[in-house]
Amino acid sequence: MRFSPIVSLYLLLDCLSSVSVLRLGTCQLQRQFKLNGVYLDGDVIIGGLFEVHFFTVFPELSFRREPEEPYCEIFNMESFQHAQTMAFAINEINKNPNLLPNITLGYHLYDNCVMLGMAFRAAISLVSGRERSSSNLNCTGPPPVIGIVGDPSSTPSIAISSVLGLFRVPIVSHYATCSCLSDRKKYPSFFRTIPSDAFQVRAMVQILKHFGWTWVGLLYSDDDYGIYAAQSFHQEMQISGLCVAFSEILPYDNNPRNIQHITGVIQASTARVVVVFSPSSLVISLMEEVVLQNMTGKQWIASESWATSPVFHTSRFLPFLGGTLGIAIRRGEIKGLHDFLLHLRPTNHPRDNMLRIFWENMFGCRFETGNKEIDGEHVKTVCTGQEDLSTKNTSYTDVSELRAAYNVYKAVYALAHALHNLLQCVEGRGPFSGNKCANITNLKPWQLVHYLQKVNFTTDFGDHVSFDKNGDALAIYDVMNWQPKSDGAIKIYTVGVVNEELETGMVLTLDEDAIYWNFETKKSSTPPRSVCSESCPPGTRPATRKGLPLCCFDCLPCRDGEISNATDAIECMVCPVEFWSSPNKDQCVPKEVEFLSYEDPLGISLTTASLLGTCSCALVMVILVHHRNTPIVRANNSELSFLLLLSLKLCFLCVLLFIGQPQLWTCQLRHAVFGISFVLCISSILVKTMVVIAVFKSSYPEGKDAIRWFGAAPQRCTVLVLTAIQVVICAIWLSTASPTPHKNNLYIRSIIVYECAIGSVAGFSMLLGYIGLLATVSFLLAFLARNLPDNFNEAKFITFSMLIFCAVWIAFVPAYVSSPGKYAVAVEIFAILASSFGLLVAIFAPKCYIILLHPERNTKKAIMGRQTK
């Protein structure tokens with residue numbers, strides 16, 4: 001039940017109206033609430049609020065007579081132990097000469113009956129006192145209580161702190177965990193010795209992260225405790241990158257239809273881990289339905305409010321709740337508490353009615369005579385007050401698991417240490433205005449709050465007690481595991497600790513070997529898996545599914561050139577420039593370096609063709625040298641023919657500079673040698689063509705002087721001059737922007753193409769352009785001289801060779817541009833070889849044909865066309 005501001009205002013007005021000042025000068029309580037309590041007088045009183053009964057029964061309100069007081073039912077032995085722990089702590093402090101000497105502490109302990117209204121009545125009774133009237137209108141002396149230990153529940157603590165915080169009355173709760181109570185502006189005087197739910201939530205998320213549970217369900221109660229815990233849980237899960245599969249509210253009315261809906265959601269979900277923030281009273285109905293539907297295979301995570309609840313520790317729940325992990329308050333040991341509890345005796349004082357109620361419920365008797373009912377049972381036994389508590393084995397006498405009781409013990413000592421420090425103040429050196437100290441005879445609640453904020457001590461058990469700026473204690477939890485006993489019931493074992501330290505933050509320590517897992521396979525060794533999607537292996541990355549949380553994803557392989565070398569990598573990493581992704585995309589490997597090598601089949605083929613062309617040129621040269629005196633060799637200047645063969649041989653050999661790993665000298669030489677060789681070749685052909693034209697023009701009277709300009713010397717000079725121009729172009733190119741080896745990643749991203757960067761596009765273009773110019777001129781001249789009258793007119797063969805040459809290099813340009821990597825080099829080599837073979841075959845094949853196969857046509861008469869039939 002959430003705390004309503006309207007209810008708080010009503011209760012406050014009701015309580016304020018209970019006090020009036022009479023004209024006679026006395027202050028009189030208009031009404032005293034009927035409360036169950038235990039009292040001990042002292043110089044200074046500490047109040048306490050405990051859940052000694054489970055339920056409150058409100059009588060019918062007709063308002064035709066004075067309303068009857070509500071009463072409580074179903075005695076809670078464990079909570080009464082908490083109340084008596086406070087009594088024990090105060091008794092221990094009174095006996096301690098080093099703590100609060102000369103001051104005797106007393107206590108007023110009240111039962112809140114797990115009801116906001118009753119808790120509020122008890123709190124107002126503590127701060128207003130129980131005396132019916134007082135003549136001290138100056139309000140001097142200590143307040144009725146210097147502080148309150150309690151309330152154990154969050155909702156009553158919110159209500160009480162909202163009101164008493166206005167007067168700065170210190171409240172130290174031992175069990176209220178709502179994170180909202182850490183708001184210092186709303187609750188300035190609230191402290192607690194139990195960690196806030198914010199710490200509990202962080203501890204739970206630590207456990208989820210430890211076991212890799214990224215996909216979990218959430219159930220929470222419909223009250224301040226559950227709602228604030230759920231809010232914090234969602235926030236922490238989001239921060240940690242974990243996901244909530246479903247989130248359901250446990251109803252307070254335990255409606256069967258709602259419970260069935262929740263179990264249906266749990267069964268339908270793929271999440272195997274379910275976290276529950278709720279009091280045990282609301283979890284009972286849920287677990288009954290779980291048993292009814294035989295729902296196994298779920299890993300339950302219990303909050304501190306039901307992690308140690310004995311109601312679930314029966315053999316009936318073992319198949320379903322065995323293996324549960326829970327967060328529990330730190331267990332402590334209090335020396336002497338057990339004996340103190342066993343030596344408790346009821347009194348006859350009417351205000352100590354809580355002791356008598358306890359005694360009657362413990363031994364099933366009544367102090368009054370007559371047949372009465374106690375908790376629904378007809379009882380006739382009369383209590384003597386001398387019954388032996390050691391004969392009873394209940395949660396009251398069990399001190400093996402002191403958790404909430406240990407927090408009560410620390411809360412009392414925190415107030416006592418604060419009061420002790422207040423009394424140690426030296427006048428003139430105090431913390432208050434004017435360096436004043438507090439006066440115990442006129443103590444103000446806010447003065448004790450100042451010292452309570454600075455409390456710092458260590459218990460006999462070794463636990464450090466202090467409060468942060470929000471009044472919260474340093475968080476420390478035990479991690480509990482529900483394991484089977486020999487009789488089939490459930491026993492709780494401590495398997496770890498979650499500790500929040502100022503320096504290191506939240507630290508989780510687990511003994512995984514001691515954890516029991518309630519699953520069919522490998523029951524006691526392997527935790528279950530609870531994920532929406534399995535982890536993405538190296539080489540992949542997660543891609544979130546549309547409309548689902550981040551934990552639900554598909555694993556997509558990394559793109560080429562990217563890798564992920566860890567499981568569940570968020571993004572794929574791009575490999576460095578000279579590296580590429582492995583086939584599994586899990587590591588970067590050096591890229592393959594590609595160039596046209598001699599070991600490559602293509603390189604071998606081109607090398608063979610180059611050597612074949614070179615040998616062909618040598619063979620033709622041998623043939624021509626051997627028949628150098630024959631007419632067909634001597635025709636058209638045999639010297640130019642040999643120069644042409646030499647240049648063709650250089651053209652074939654320059655191909656070898658294009659094959660193999662590029663180096664600086666090969667890059668510089670390959671295009672230079674190629675360009676000069678082809679210019680030498682084309683200029684020789686051009687001069688031969690010009691000689692042919694000049695010879696035939698000299699046969700006419702108007703062209704007799706033409707042959708003089710094309711003698712041997714002018715022919716050589718023409719070839720040299722034309723070739724020198726190409727040499728100058730190459731020299732300028734190499735000196736200004738020389739070609740260099742270059743690792744190119746642009747053609748194919750996965751391969752490094754080792755090539756020669758041309759350096760200057762203009763230089764390379766001029767080189768090719770000059771060759772093209774000479775070839776065009778040669779082609780035009782040869783084309784014009786193709787029909788000159790001669791039985792062996794070499795111009796027609798030159799025309800054909802130039803046609804081949806131009807066709808090859810025209811086709812070369814688009815093929816070169818569109819070819820990637822080493823294939824661009826192969827295209828250039830192919831163009832060189834094709835054009836070289838074209839020239840060699842077109843010009844020299846007819847001559848070799850006549851020389852070798854038709855020597856009868858290798859005569860001067862045949863050449864000149866004067867041979868008679």
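Listed for the Lys591 side chain is a donor-acceptor partner under 3.5 Å among the backbone atoms of Val577. In terms of modelled atom types and a separation under 3.5 Å, the side chain of Ser683 and the main chain of Leu680 share a donor-acceptor contact. A distance-only check finds no donor-acceptor pair linking the side chain of Asn565 to the backbone of Gln587 [under 3.5 Å]. Although no hydrogens or angles enter the test, the distance criterion places no donor-acceptor pair under 3.5 Å between the side chain of Ser610 and the main chain of Leu606. Distance alone, capped at 3.5 Å, places no donor-acceptor pair between the Thr666 side chain and the Pro662 backbone. Between the Lys649 side chain and the Cys617 main chain, no donor and acceptor come within less than 3.5 Å of each other. Ser801 contributes no side-chain N or O that, together with a main-chain N or O of Leu839, makes up a donor-acceptor pair within less than 3.5 Å.
To the nearest 0.5 angstrom, Ile685 atom CD1 is 3.5 Å from Ile843 atom CD1. Summarising the geometry, atom CG belonging to Leu833 is positioned 10.5 Å from atom OG1 belonging to Thr608; distances are rounded to the nearest 0.5 Å. Within the model, atoms OG1 of Thr630 and CD1 of Ile623 stand 11.0 Å from one another, a figure rounded to the nearest 0.5 Å. A distance of 9.0 Å separates NE2 of His210 from CD1 of Ile207, quoted to the nearest 0.5 Å. Between the CD1 atom in Ile682 and the OG atom in Ser684 there is a gap of 9.0 Å [rounded to 0.5 Å]. If you take CG on Leu686 and CG on Leu773, they are separated by 9.5 Å, rounding to the nearest 0.5 Å.
Donor-acceptor pairing under 3.5 Å is recorded for the side chains of Trp215 and Thr270. The closest side-chain donor-acceptor pair between Glu755 and Asn744 falls under 3.5 angstrom.
Taking every heavy atom of both residues into account, Phe579 and Pro590 meet most closely at CD2-N, 3.4 Å. Taking both residues in full, the closest heavy atoms of Trp213 and Pro527 are given as CZ2-CB, 4.3 Å, listed atom of the first, atom of the second, then distance. Minimum interatomic distance between Val531 and Gly212 (heavy atoms only, all atoms of both residues): CG1-O, 3.7 Å. Residues Ala271 and Ala245 come closest through the heavy atom pair CB-CB, 3.8 Å. The heavy-atom pair separating Ser530 from Arg272 by the smallest distance is OG-N, 3.1 Å. Of all the heavy atoms in Cys667 and Pro739, the pair that sits closest is O-CB, 3.6 Å.
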* To do: Verify disulfide bond (SG atoms under 2.5 Å apart) between Cys552 and Cys243, making sure each step is shown before the conclusion.
  => CA-CA 9 Å; Cys552 301; Cys243 301; over 6 Å; no
* Worked verdict on Thr509 versus Val498 for side-chain contact (heavy atoms from CB on, under 4.5 Å) -> CA-CA 6 Å; Thr509 305; Val498 186; over 6 Å; no
* Take Arg716 and Glu639, measure what salt bridge (Lys or Arg N to Asp or Glu O under 4.0 Å) needs, and give me the verdict at the end. => CA-CA 9 Å; Arg716 297 190 193 99; Glu639 184 178 342; 2.6 Å; yes
* Trace of the salt bridge (Lys or Arg N to Asp or Glu O under 4.0 Å) decision for Arg529 with Glu534 -> CA-CA 9 Å; Arg529 294 275 296 164; Glu534 291 296 332; 2.6 Å; yes
* **Stepwise side-chain contact (heavy atoms from CB on, under 4.5 Å) check, Arg545 with Asp554** => CA-CA 7 Å; Arg545 296 173 185 168; Asp554 296 314; 3.1 Å; yes
* Taking it one step at a time, do Thr740 and Gln668 satisfy side-chain contact (heavy atoms from CB on, under 4.5 Å)? -> CA-CA 7 Å; Thr740 56; Gln668 291 175 336; 5.9 Å; no
* **Intermediate values then yes/no, side-chain contact (heavy atoms from CB on, under 4.5 Å), Glu594 and Tyr754** => CA-CA 6 Å; Glu594 182 183 79; Tyr754 209 4; over 6 Å; no
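Summarising the local packing, CD1 of Ile570 is surrounded by 12 or fewer heavy atoms from other residues, nucleotides or ligands at distances under 6.0 Å. In the displayed structure, Tyr823 atom OH is contacted under 6.0 Å by at most 12 heavy atoms of other residues, nucleotides or ligands. Shown here is Met766, whose CE atom has no more than 12 heavy atoms of other residues, nucleotides or ligands within 6.0 Å. Around the CZ atom of Phe837, the shell of radius 6.0 Å holds more than 12 heavy atoms that belong to other residues, nucleotides or ligands.
Counting only heavy atoms from C-beta outward, the side chains of Val593 and Lys743 never approach each other to under 4.5 Å. Counting only heavy atoms from C-beta outward, the side chains of Cys536 and Thr567 never approach each other to under 4.5 Å. By the 4.5 Å heavy-atom criterion applied to side chains, Leu653 and Val655 are not counted as neighbours. Considering only heavy atoms from C-beta on, Val205 comes within 4.5 Å of Phe233 through its side chain. Between Leu548 and Thr544 there is no side-chain heavy-atom pair separated by less than 4.5 Å. In this structure, His671 and Glu828 have side chains that are in contact, with non-hydrogen atoms separated by less than 4.5 Å. A heavy-atom distance below 4.5 Å is not found between the side chains of Ile563 and Asp586. At least one side-chain heavy atom of Ser597 sits less than 4.5 Å from a side-chain heavy atom of Asp600.
With Cys532, the cysteine Cys551 has an SG gap of 2.5 Å or longer. The SG atoms of Cys681 and Cys651 do not lie less than 2.5 Å from each other.
With salt bridges taken as basic N to acidic carboxylate O contacts below 4.0 Å, none links Asp560 and Arg749. Using a 4.0 Å cut-off between a side-chain N of Lys or Arg and a carboxylate O of Asp or Glu, Glu562 and Arg541 do not qualify as a salt bridge.
None of Phe652, Phe805, Tyr770 except one satisfies the ring pair (Phe, Tyr, Trp, His ring centres under 6.0 Å) rule with Phe678; the exception is Phe805.
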Please report, to 0.1 Å, the donor-acceptor pairs under 3.5 Å made by any side chain of residues 234-242, with sequence neighbours excluded.
{"residue": "Ser240", "atom": "OG", "partner": "Glu236", "partner atom": "O", "Å": "3.0"}

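Taking the ring centroids of Trp809 and Phe674, they lie under the 6.0 Å cut-off.
Classified by interplanar angle (parallel below 30°, tilted 30° to 60°, perpendicular above 60°), the ring pair His854/Tyr849 is tilted. Relative orientation of the Phe764 and Trp733 rings is tilted, given thresholds of 30° and 60° on the angle between their planes.
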